[in-house]
Amino acid sequence: MSIEQGPPSILRSVFFERPADVVARELLGKVLVRNIKGMRIALTISETEAYLGPHDLACHAARGRTPRTEIMFGPPGTLYIYFVYGLHWMLNIVTGPKGYAAAVLIRAAGDFSGPGKLTRALAIDGALNGRRANLRSGLWIEDGDRVGKVLVTPRIGVGYAGSHWSARKLRFVLALAR
DNA sequence: GCAGTGATCATA
DNA sequence: ATGATCACTGCC
């Protein structure tokens with residue numbers, strides 16, 4: 001049996017240096033931690049989506065390397081944060097080897113359901129784009145408890161990607177504990 | 001169901 | 001420079 005001992009460990013880049021769908025699934029139950037001027041907020045991640053890489057037509061990197069997608073070509077564990085619909089910041093973490101543009105979108109954590117609401121609650125915006133998930137940036141991820149059942153569904157809001165890629169089951173949701 | 005909101009990118 | 005689009009949300 002495994003008893004958690006000592007301080008929780010912060011996920012390092014090796015965790016993120018794997019395919020986005022693997023990372024997305026394993027992020028469920030991990031703890032998203034935000035440190036804002038000494039105030040610490042810790043929320044269990046409950047919903048993620050994988051954006052697999054340039055071949056994934058729902059992934060921004062499918063449009064090639066642009067000023068915005070440049071960040072996704074960086075090392076695993078880099079924060080990729082972009083603005084959409086004129087209102088909302090989206091929180092992603094770059095996955096896979098450096099130079100391979102893939103990422104995981106964190107859609108929900110704690111009581112905050114919805115990617116825009118999550119970033120607003122944690123004061124996450126473009127200032128964190130390109131930073132790493134670590135203590136220095138004030139945003140990182142720690143180990144969590146074992147998770148129970150996981151729901152796997154198509155991703156939200158990617159109808160533009162065509163029937164194949166919009167249907168792929170790349171959204172991972174933590175089922176409620178019983 | 002759909003309007004709001006503004007960055008981003010393709011097109012020119 | 002212009003226009004379509006958008007990994008969303010909240011209100012109808």
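Chain A is the first sequence line, chain B the second, and so forth, proteins listed ahead of strands; every chain is numbered from 1.
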Who is the Watson-Crick or G-U wobble partner of C:dG3, with both distances under 3.5 Å? B:dC9

Kindly assign one of parallel, tilted or perpendicular to the pair A:H55 and A:W165, based on the angle between their ring planes and the thresholds 30° and 60°. perpendicular

Return the orientation label for the A:H60 and A:Y82 ring planes: parallel under 30°, perpendicular over 60°, tilted otherwise. perpendicular

Quick one: A:R63 CZ to B:dA10 C1', roughly how many Å, whole number? 8 Å

What are the two closest heavy atoms between A:C59 and A:M72, and how far apart are they? SG-CE, 3.9 Å

Please state how far atom CH2 in A:W89 lies from atom C1' in B:dG6, giving the value in whole angstrom units. 10 Å

Using atom CZ of A:R65 as one end and atom P of B:dA10 as the other, report the distance to the nearest whole Å. 15 Å

Classify A:R68 by what it touches in the nucleic acid, base, sugar-phosphate, or nothing, heavy-atom distance under 4.0 Å. sugar-phosphate

Does A:R18, at its CZ atom, have more than 12 non-hydrogen atoms belonging to other residues, nucleotides or ligands within less than 6.0 Å? yes

Among A:V147, A:L28, A:I45, side-chain contact (heavy atoms from CB on, under 4.5 Å) partner for A:F172: A:L28

Output the rounded distance in Å from OH (A:Y82) to C1' (B:dT5). 16 Å

Chain A contact limits on DNA chain C, taken 5' to 3' with a cut-off of 4.0 angstrom to heavy atoms: C:dC6 to C:dG10

Worked check of side chain to side chain contact (heavy atoms under 4.5 Å, CB included) between A:V94 and A:F16: CA-CA 7 Å; A:V94 174; A:F16 300 102; over 6 Å; no

